[in-house]
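So the structure is just underneath, and the comments pick up after that.
Whatever order the structure lists them in is the order used to number ligands and atoms, beginning at 1.
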Amino acid sequence: MALLLHEKVAVVTGASSGIGAATAKLLGREGARVVLAARREAELEAVADSLREAGTPALTVKCDLSNEVEVVSLVGRALDSFGGLDILVNAAGIAAFGEVAHGRTAEWRAMLEVNALGLSLLSREVAAVMMEAHKGDIVNLACRPGQEPYCSAFYDATKAFVLAFSDKLRREVRTHGIRVMTIIPGAVQTGLGAGAPGLEEHRVGIDALHPEDVAEAIMHALIRPRRITYEAIELVPTLEEEG
Ligand code: NAP
């Protein structure tokens, strides 16, 4: 049987762990050639090796999304290695917790640079390539506001940015054959927000989603016929309170 993403080239950020790693593996299993991006090289290589062992070409690129030069270079490396770019999954993200009154400026700036600016810079570079090719899919990770102990007003605000940015970008590029989709998960069992008080107990208590659950939602959106854009997919743990 033909693989669902045969011949596609996918760039996945945040591919060193959690949702990004699970997504890179799933896209690769369905035949995509995957470019895995993040800062931690050993973790990236471990994910890439699992793909290569299964016969899937995989390229790792060390990329700090708060560094514009590295973001631009990531797209160049993908094109040089695989000759095109069909899918971008913007899964990288960081979360600092705590109330506004105790917020730390450095953490706010880091969230802004990765969750909002880095995602925007990479989307700009990739959209330019996709517009020339008149096809492509961009998938962005947002979140349900205020749902988890790791959340903070600033984190939620960066994810509201992702929703607004994705919405406008979708309108700009849809006539170029490009779909922009947003995934809005509730709590997922990953390392995001590690150290936040009560986080682990909360996730266990509500039987939080697995990263693979989110990866499957992304795959589901990607393999719909091109006339369909899943603008937003919200998936939540069954036991999570309503937002
Ligand atoms: P995770 O395992 O901590 O993954 C976050 C990824 O972002 C890591 O691979 C990390 O890689 C990368 N990253 C962080 N800073 C970066 C930077 N400066 N440059 C490049 N990459 C960077 O957490 P996750 O839960 O899978 O998060 C994936 C996405 O889902 C995030 O956007 C998050 O906001 C969103 N989300 C998560 C949940 C949840 O409950 N877990 C819920 C809703 C939405 P390196 O450290 O190697 O750079």
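Considering backbone and side-chain atoms together, G93 places an N or O closer than 3.5 Å to an N or O of ligand 1. Any N or O atom pair closer than 3.5 Å counts here, and L141 shares no such pair with ligand 1. At least one N or O atom of I19, backbone or side chain, sits closer than 3.5 Å to an N or O atom of ligand 1. For ligand 1, the polar-atom distance check finds an N/O of L65 within less than 3.5 Å of one of the ligand's N/O atoms. Checked by distance only, ligand 1 and V114 stay at 3.5 Å or farther apart across all their nitrogen or oxygen atoms.
Shortest contact from atom 38 (C) of ligand 1 to any protein heavy atom: Y150 OH, 3.4 Å. In this structure, the protein non-hydrogen atom closest to atom 15 (N) of ligand 1 is R39 NH2, 3.2 Å. When only non-hydrogen protein atoms are considered, atom 11 (O) of ligand 1 lies nearest to S16 OG, 2.9 Å. In terms of protein heavy-atom proximity, atom 21 (N) of ligand 1 is nearest to A92 CB, 3.8 Å. Atom 34 (O) of ligand 1 has Y155 OH, 2.6 Å as its closest protein atom, hydrogens excluded (heavy atom only). When hydrogens are left out, the protein atom nearest atom 37 (C) of ligand 1 is L192 CD2, 3.6 Å; that is the closest non-hydrogen contact.
With a 4.5 Å cut-off on side-chain heavy atoms, V236 and R144 count as touching. The side-chain heavy atoms of I138 and M130, taken from C-beta on, include a pair separated by under 4.5 Å. The shortest side-chain heavy-atom distance between S66 and L117 does not fall under the 4.5 Å cut-off. Within the 4.5 Å cutoff, side-chain heavy atoms of V173 are placed close to those of M131. Looking at heavy atoms from C-beta onward, L112 lies in side-chain contact with F154 at the 4.5 angstrom threshold. Side-chain contact between I183 and L235 is present, with at least one heavy-atom pair separated by less than 4.5 Å.
Contacts with ligand 1 closer than 4.0 Å are made by backbone heavy atoms (N, CA, C, O) of C63 only, the side chain lying farther away. Only the backbone of A142 comes within 4.0 Å of ligand 1, counting heavy atoms alone; no side-chain atom from C-beta on gets that close. Residue-level proximity to ligand 1 for H202 is absent, since no heavy atom of it falls below 4.0 angstrom. At a heavy-atom distance under 4.0 Å, atoms from both the backbone and the side chain of D64 approach ligand 1. Both the backbone and the side chain of V188 come within 4.0 Å of ligand 1, counting heavy atoms alone. In S17, the parts holding a heavy atom less than 4.0 Å from any atom of ligand 1 are both the side chain and the backbone. Contacts of E43 with ligand 1, taken as heavy-atom pairs under 4.0 Å, are absent altogether. When non-hydrogen atoms are compared, ligand 1 lies under 4.0 Å from the side chain of T190 (C-beta onward) but not from its backbone.
Side-chain N/O atoms of S166 and N140 include a donor and acceptor closer than 3.5 Å. S17 and R40 share a donor-acceptor pair across their side chains, judged by distance under 3.5 Å alone.
The shortest separation from a heavy atom of E113 to ligand 1 is not under 4.0 Å, leaving the residue out of contact. For K159, the heavy-atom gap to ligand 1 drops under 4.0 angstrom. The shortest separation from a heavy atom of A95 to ligand 1 is not under 4.0 Å, leaving the residue out of contact. Residue contacts with ligand 1 include G186, since one or more of its heavy atoms lies under 4.0 Å from the ligand.
Of all atoms in ligand 1, listed by their number and element, those nearer than 4.0 Å to a heavy atom of G18 are 2 (O), 26 (O). Taking every non-hydrogen atom of A187 and a distance limit under 4.0 Å, the qualifying atoms of ligand 1 come out as 40 (O). The contact set between ligand 1 and G14, taken as ligand atoms under 4.0 Å from a residue heavy atom, comprises 6 (C), 7 (O), 8 (C), 9 (O), 12 (C). For ligand 1, the atoms closer than 4.0 angstrom to any heavy atom of I94 are 14 (C), 15 (N).
In summary, of the residues considered (V162, D156, N115), a side-chain contact (heavy atoms from CB on, under 4.5 Å) with C143 occurs for D156 alone.
Between R52 and E45 there is a salt bridge, since a side-chain N of the basic residue sits under 4.0 Å from a carboxylate O of the acidic one. Ion pairing of R77 with D80 is absent here, as no side-chain N (NZ or NE/NH1/NH2) approaches a carboxylate O to less than 4.0 Å. Ion pairing of R224 with D137 is absent here, as no side-chain N (NZ or NE/NH1/NH2) approaches a carboxylate O to less than 4.0 Å. Taking the charged nitrogens against the carboxylate oxygens, R39 and E70 have no contact shorter than 4.0 Å, which rules out a salt bridge. Salt bridge present: K168 and E172 bring a charged side-chain N and a carboxylate O closer than 4.0 Å.
The two residues V180 and R170 make their nearest non-hydrogen contact at O-NE, 2.8 Å.
Counting heavy atoms only, A91 comes closest to atom 27 (O) of ligand 1 of the residues A22, A21, A91, A37.
Put simply, the side chain of K159 gets close to the backbone of L141: a donor and an acceptor are under 3.5 Å apart.
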